[in-house]
Amino acid sequence: MKKIKGFVIICFILVEFTSAQEISKRPNILFAICDDISYQHTSFEGSTFVNTPTFDKIAKEGIYFSNFYVASPGCAPSRGSIVTGRYPWQNEQSGQHGSSWMKKYVPLADELQANGYKVGMTGKGVSPFRYAKKKLEETLWRTENAAGPEYNKIHYDEVHDERTTTKISSKNYFENFKTFMNSKKEHQPFFFWYGAHEAHRGYEKDSWKRTSKQLKDVTVPAFLPDNGVVRGDLLDYAVEIEWFDAQLQRMLTYLKSKGELENTIVIVTADNGMPFPRAKANCYDYGVHVPFAVSYPKEFQQNKIIKTPLGAVDLAPTILEITQTTPTKMQSITGNSFLKVLKGDQKLNVNNAVFSGRERHTSARYNNLGFPQRSIRKKDFLYIWNITPERWPAGAPVSYKSKENKKLVNNVFADIDGSPSKSYIIKNKNVDEVVYYFDISFEKRPEFELYNLEKDKACLTNLSGTKEYEPIEKALKEELIQELIKTKDARVVGPNKEVFDSYKRYSSMRYFPKPN
């Protein structure tokens with residue numbers, strides 16, 4: 001009888017060991033997402049003033065997607081789309097900036113955790129959203145960040161502070177990552193979300209002067225005036241991008257020292273474009289086209305550049321397939337896995353189209369109204385539908401005297417983050433050399449816009465309505481509408497086409513007097 005018991009115990013140990021070995025074979029995933037970076041601003045892409053050696057190495061050792069598009073030009077809806085594999089307009093208030101995250105929209109992290117993965121995040125997760133803080137809210141809203149359990153306790157202090165600017169987050173991303181790694185079981189695979197707050201504004205003005213950067217090295221996008229103010233602003237932006245990149249390198253070095261790097265898939269991207277006029281919060285190319293590289297030399301292609309457009313809604317199903325995770329609680333996923341593309345077994349269809357959209361961004365208009373847009377990128381063309389062209393695209397140009405102290409309050413064009421570049425354009429809007437830049441960023445827009453990105457990356461020459469491009473515009477419009485119908489976008493299929501404006505905003509609100 002003792003022999004039988006001993007045999008059973010040995011078998012049990014072998015099963016447990018085999019199970020642990022099988023789990024450890026599944027790859028780890030380090031998902032690094034930067035805040036507010038356009039695709040042009042990595043040194044791998046050829047930027048003359050941003051140096052990103054870590055991103056460059058990942059892109060060189062892996063696969064670089066040169067035309068990767070997020071589902072929204074704003075952080076909350078974009079991040080929500082990444083973890084659900086759905087477009088923002090499919091996620092109700094959980095696809096809207098500053099609203100609430102509903103329990104029903106189960107994110108990728110939960111499914112991975114249920115499948116044996118150690119899951120965690122540091123920095124900025126899926127936000128800004130209101131997560132449940134009260135018992136009553138917990139019945140409908142999620143309590144934990146949709147990126148996973150937070151590891152944000154370790155901060156820089158006065159004694160140990162290596163930050164290069166005063167505006168960089170005090171969160172010590174690397175040390176928080178180490179805490180996460182030390183908390184997982186030995187053979188347990190992990191999924192970690194490194195969400196830097198950088199390069200979100202505000203910036204420390206002229207922080208670049210403490211580096212070797214020079215104004216002459218800056219390449220100014222064609223939609224911004226080229227002067228010292230804008231160039232300096234872009235260099236401050238570059239300093240923050242480089243902080244994100246340096247912290248990521250520390251994580252990779254640590255993984256290598258632990259023998260974990262070889263079995264770790266590294267994914268690096270951003271949530272939306274640069275926080276400058278006519279970029280972030282716009283469906284123009286600089287608003288939704290972001291850096292994207294994946295490295296896993298063990299199984300994926302190496303030194304590969306893929307130019308065919310790819311959308312961020314495809315990330316969740318890809319990660320689920322990589323991790324052998326069958327979702328049981330997530331809502332139906334819109335995106336499609338591109339794992340076979342990563343492995344080199346399949347090519348992206350050259351006719352692949354990607355779709356993006358936005359509703360409200362910040363509090364920028366009376367009654368919290370947004371500026372709804374939908375867009376399609378296919379081959380060399382970007383087509384944008386401005387659904388309410390009667391509204392100001394960058395926010396209402398409202399200033400008024402405060403009732404409390406009679407001081408002038410300028411809540412003007414609030415959908416564009418405050419910055420030296422924005423202030424310069426507004427202050428000089430009547431100067432001949434600046435009028436053009438003011439108009440393209442702040443004035444009202446036509447309902448439809450069409451751009452040939454091969455010739456016009458800055459999206460300055462609207463081809464919509466021209467006879468030469470009529471067939472292309474018609475085809476793109478039809479494909480866009482069909483996708484919106486297929487994905488049940490309320491802006492197209494109803495029944496309440498204004499429902500997105502009705503969702504409560506829990507982030508700060510500005511006062512706007514009722515329009516005349």
Side-chain angles (χ1 to χ4, degrees), residues 36 38 49 73 201-203 205-206 208 215-216 218-237 273-287 358 360-366 369-371 373 384 386 388-403 405-449 451 456-465 510-516:
D36 296 1
S38 295
F49 65 99
R201 292 190 185 272
Y203 305 150
K205 193 173 184 302
D206 294 334
W208 64 270
L215 292 175
K216 67 179 179 63
V218 177
T219 302
V220 179
F223 51 83
L224 294 172
D226 189 350
N227 58 41
V229 173
V230 175
R231 284 176 174 251
D233 202 10
L234 285 164
L235 287 179
D236 289 337
Y237 159 71
M274 59 195 292
F276 286 75
R278 205 176 165 86
K280 178 181 177 181
N282 291 276
C283 283
Y284 296 126
D285 211 49
Y286 274 77
R358 64 154 285 186
R360 66 171 179 245
H361 181 231
T362 186
S363 167
R365 297 166 194 82
Y366 171 74
L369 297 177
F371 185 73
Q373 292 181 303
I384 302 171
N386 297 313
T388 57
E390 69 277 7
R391 296 181 191 171
W392 295 92
V398 174
S399 60
Y400 59 91
K401 283 191 175 180
S402 168
K403 291 180 180 178
N405 54 26
K406 303 298 181 183
K407 287 186 177 179
L408 190 67
V409 178
N410 285 310
N411 284 339
V412 292
F413 307 117
D415 262 349
I416 299 176
D417 293 359
S419 68
S421 298
K422 175 184 176 181
S423 297
Y424 175 86
I425 295 172
I426 293 175
K427 184 178 179 180
N428 296 282
K429 65 181 180 180
N430 295 319
V431 176
D432 289 346
E433 294 79 14
V434 182
V435 171
Y436 169 74
Y437 298 103
F438 178 86
D439 288 349
I440 62 174
S441 289
F442 300 97
E443 290 290 355
K444 292 182 179 180
R445 297 172 187 163
E447 184 175 3
F448 301 107
E449 299 179 74
Y451 299 98
D456 182 20
K457 296 182 188 301
C459 298
L460 296 175
T461 304
N462 184 10
L463 305 171
S464 176
R510 298 180 179 90
Y511 169 74
F512 289 92
K514 187 175 181 179
N516 295 328

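All residue numbers in this chain count up from 1 along the given sequence.
Taking each heavy atom of Pro393 and Glu443 in turn, the nearest pair found is CG-O, 3.2 Å. Closest of all the heavy-atom pairs between Lys429 and Val435 is O-CG2, 3.1 Å. Nearest approach of Ala394 to Ser441, heavy atoms of both residues: CB-O, 3.7 Å. Shown here for Leu215 and Arg231, the closest heavy-atom pair between the two residues is O-NH1, 2.6 Å.
The distance from atom NE2 of His361 to atom CD1 of Ile416, rounded to the nearest 0.5 Å, is 10.5 Å. We find the CG-CZ distance between Asn428 and Phe438 to be 11.5 Å, quoted to the nearest 0.5 Å. We find the CD-CZ distance between Glu390 and Arg445 to be 14.0 Å, quoted to the nearest 0.5 Å. Expressed to the nearest 0.5 Å, how far CG of Asp233 lies from CZ of Phe276 amounts to 4.0 Å. Note that the NZ atom of Lys280 and the OG atom of Ser419 stand 10.5 Å from one another [nearest 0.5 Å]. Leu234 contributes atom CG, which lies 4.5 Å from atom CZ of Phe49 (distance to the nearest 0.5 angstrom).
In this pair, Phe442 and Phe413 present their aromatic rings tilted. The plane angle is within the 30 to 60° band. Under the 30°/60° scheme for interplanar angles, the aromatic rings of Tyr237 and Tyr203 are found to be tilted.
In this structure, the side chain of Arg278 does not engage the main chain of Tyr437 through any donor-acceptor pair within 3.5 Å. Using modelled atom types, no side-chain atom of Arg358 and backbone atom of Cys283 make a donor-acceptor pair closer than 3.5 Å.
Environment of NZ in Lys444: crowded, with over 12 heavy atoms of neighbouring residues, nucleotides or ligands closer than 6.0 Å.
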- What do the steps show when you test Gln373 against Asn386 for side-chain hydrogen bond (donor to acceptor under 3.5 Å, both in side chains), and what is the final call? CA-CA 5 Å; Gln373 292 181 303; Asn386 297 313; 2.8 Å; yes
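Of the charged side-chain nitrogens involved, none lies within less than 4.0 Å of a carboxylate oxygen, so that Arg391 and Asp415 do not count as a salt-bridged pair.
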